[in-house]
Amino acid sequence: MDPTAEAAPAAVDFIREIVADDQRTGRHGGRVHTRFPPEPNGYLHIGHAKSICLNFGVAAEYSGLCNLRYDDTNPTKEDVEYVESIEEDVRWLGFDWGDRTFYASDYFEALSQYAEQLIRDGKAYIDSLTADEIRDYRGTLTEPGRNSPCRDRAAEESLDLFQRMRRGEFPDGAHVLRAKIDMASPNINMRDPTLYRIRHASHHRTGDAWRIYPTYDYAHPISDAIEGITHSLCTLEFEDHRPLYDWVIEHTRPPFRPRQIEFARLNLNYTVMSKRKLLALVEQKRVAGWDDPRMPTIAGLRRRGYTPEAIRDFCARIGVAKKENVVDVALLEHTVREDLNRRARRALAVLRPLKIVIENYPEGREERVEAVNNPEDPAAGTRQLPFSRELFIERDDFMEQPPKKFFRLSPGVEVRLRYAYIVTCDRVVKDESGAVTELRCSYDPESLSGASASRRVKGTIHWVSAPHALEAEVRLYDRLFVSPDPGQDGRDPLTDLNPGSLERLTGARIEPSLAGAEAGTTVQFERLGYFCLDPDSRPEAPVFNRTVTLKDTWARIAGRG
RNA sequence: UGGGAGGUCGUUCAACGGUAGGACACGUGGCUCUGGACCACGUUAUCGGGGUUCGAAUCCCUGCCUCCCAGCCA
């Protein structure tokens, strides 16, 4: 037996199993071709990323191709703004579709030809019932529907009506083209579904050329066939539509027969994923826009500081199956931390500054201490940090009456200033209200980092030199919703919004080496988390978004007590 | 009381008649000039009931639960 065949097989999902099997048996001559088919009616989100990674991933792994195809069959909901954002996002995620950018609207002419053929074949007819009447005739989940009085209209008459619909002779809703299937089918999608409707609306690509537009159920299978899509991957809610997908292919007889396979869409706890709900957040100004860093959109994640690598890794880890699922956002956060830990340079920054004065450090003196840029990557080198008599430390790093296990600064306790000296707090200065305004400290001149006599202390805290530090705005993000399942039980998800999802800190101080960094730059502020320079930054007024905190064992311990 | 799909650790994915495993989360310890990273160890699962089989998460029967479908949305 071939020893390589005995090696533990990499776990592949059921879709890759099907694709591999088709390829092995020579189906379609071994050719694999997928497509990512967004409707340009909103921004892409992390759920789309799952589909993108699946479709492009399968194509790449089986030496195939993946098309980008806009499912733009409904002019009233779509817009060019969205097609531009979609291309940017897919590309940013790291995928390339060459020159294979397609639109369902590219096929409008072919689609209407196939429709006329269907009419001539007696497989479709023009129905002149109103939308309400059609609904009425459709029956219910438990009762069969009834045939429309128009169902037996002569093919010539339907054809004539269809052509006049196309010419714009009728108002919206006057007629529709319906497939003639079975009004008694237990599958409601087969009860003479609508294939074409009249829409006197201008389309973002075809302008006013068309007054009739095909429905998804009709356009999608034929678009797949035209492009030679071998595996048409979509989400579970289309499972019921597969018989219709197959019916369209069978009766319209395009030169190729694609196969639809359904998988479960991604759900994430503490967030919403439907474009409708995301649109509501944007339109009601509950967030700053589609790219608000709290949004689960690709644009939002990008601005937040997520990397394509992290998102792709996330998509690989969640897997693909048919079971409804709710993935823990902690996994997403884990994948960015892992990626950024490897790549982000470190910096010292103080979010909520507390001034300390080192009384035994000579006034006016300053020196440079050496700091490591990335302990995970020696090649990143080192930098010099200015040190002086007056510093800022994090307010959270000082407690006048510390609980046990608080390994930070408190009166009489020694801590190390990262990369610099060991200091102790001698005196606490307060204002009239009793709030701590300043600490008077002393340092051990023999304790400089790297020096041979390296005494050990329990805690190390970060700092910046007061006269050298730059001021910055820092935006701290928390989950957008307080509920793990926003809007469950039919509530308005907006009632579950987290009022504390954004905290802006305006007086943060960052080490001077960060001056002039470009928007999009990611750094780790040591002991705090990963931060990304926001496009709102100006050279003299940098703005940092917190991508994600570091894992914080102390917060967990403190939270328990 | 129509049709379709699905039920495996807290979560997610695997195991394709042969020791229920990985990741995240959680817990304990080690290491550490980031309470980070890293390392080690650990807790926790086959929806219920019958059957077939030497052997069942897997096959059969039955019950239960969940999700989707009555747009001229996708």
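Here is the naming used below: chain letters follow the sequence lines, and residue numbers restart at 1 for every chain.
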* **Side-chain (Asp552(A)) to main-chain (Ala555(A)) donor-acceptor, under 3.5 angstrom** => yes
* Asked: Quick one: is G35(B) close enough that its OP1 or OP2 comes under 4.0 Å of any side-chain N or O from Arg416(A)?
  -> no
* **Residue list, side-chain hydrogen bond (donor to acceptor under 3.5 Å, both in side chains) with Lys322(A), at least two apart or on another chain** => Glu239(A)
* Structure fact -> Of G6(B), C16(B), G36(B), the nucleotide closest to the side chain of Pro375(A) is G36(B)
* Asked: Picking from U12(B), A23(B), A74(B), which would you name as closest to the side chain of Arg317(A)?
  -> A23(B)
* Regarding Tyr137(A) and Asp192(A), is there a side-chain donor-to-acceptor distance under 3.5 Å anywhere? -> no
* When all nucleic acid strands are considered with a 4.0 Å heavy-atom cut-off, which category describes Arg408(A): base, sugar-phosphate, or nothing? -> base
* Asked: If the C1' atom of A45(B) is compared with that of U58(B), how far apart are they to the nearest Å?
  -> 16 Å
* Can G27(B) be described as syn, meaning its chi torsion is within 90° of 0, or is it anti? -> anti
* **Flag, side chain of Arg211(A) to backbone of Met165(A), donor-acceptor distance under 3.5 Å** => no
* Structure fact -> Which of U12(B), G27(B), C69(B) is nearest the side chain of Lys323(A)? It is U12(B)
* Just call it for Tyr419(A): base, sugar-phosphate, or nothing, with non-hydrogen atoms closer than 4.0 Å on any strand. => base
* Aromatic ring of Trp554(A) stacked on base six-ring of G35(B), 5.5 Å, 30° -> yes
* To do: Describe the nucleic acid contact of Ile134(A) in one word from base, sugar-phosphate, nothing, applying a heavy-atom distance below 4.0 Å.
  => base
* Under 4.0 Å between any heavy atoms, over every strand shown, what does Asp240(A) touch: base, sugar-phosphate, or nothing? Just pick one. => base
* Using a 4.0 Å heavy-atom cut-off across all strands, classify Leu244(A) as base, sugar-phosphate, or nothing. => nothing
* Asked: What does Ala131(A) touch in the nucleic acid at a heavy-atom separation under 4.0 angstrom: a base, only the sugar-phosphate, or nothing?
  -> base
* To do: Please determine if a side-chain N or O atom of Lys275(A) lies less than 4.0 Å away from the OP1 or OP2 oxygen of A74(B).
  => no
* Asked: Just by modelled atom types, is the Ala310(A) backbone N or O under 3.5 Å from a matching donor or acceptor in the Thr335(A) side chain?
  -> yes
* Of all the base pairs, Watson-Crick or G-U under 3.5 Å, which form stems of three or more consecutive pairs involving RNA chain B? -> B:2-7 with B:64-69, B:10-13 with B:21-24, B:26-30 with B:38-42, B:47-51 with B:59-63
* Asked: Per the atom types in the model, does the base of G36(B) pair as donor or acceptor with the side chain of Glu376(A) at under 3.5 Å?
  -> yes
* Could you check which of C24(B), G36(B), C16(B) has an atom nearest any side-chain atom of Glu17(A)? => C16(B)
* **Under 4.0 angstrom between Arg527(A) side-chain N/O and G35(B) OP1 or OP2** => yes
* Interatomic distance where CD belongs to Glu333(A) and P belongs to C26(B) [whole Å] -> 11 Å
* Looking for any heavy atom pair under 4.0 Å, which part of the strands does Gln524(A) touch: base, sugar-phosphate only, or nothing? -> base
* Asked: Which value, in whole Å, describes the distance between the P atoms of nucleotides G42(B) and A23(B)?
  -> 13 Å
* To do: Ignoring the backbone of Pro186(A), work out which of U12(B), G2(B), A74(B) is nearest its side chain.
  => G2(B)
* Asked: Which part of the nucleic acid, if any, lies within reach of His220(A) when heavy atoms closer than 4.0 Å are counted: base, sugar-phosphate only, or nothing?
  -> nothing
* Asked: With ring centroids as reference points, do Phe387(A) and Trp463(A) lie under 6.0 angstrom apart?
  -> yes
* Name the nucleic acid region contacted by Arg138(A), choosing base, sugar-phosphate or nothing; use a 4.0 angstrom heavy-atom cut-off, strictly under. => sugar-phosphate
* Which one of Arg242(A), Met190(A), His241(A) satisfies the side-chain contact (heavy atoms from CB on, under 4.5 Å) criterion with Trp247(A)? -> Met190(A)
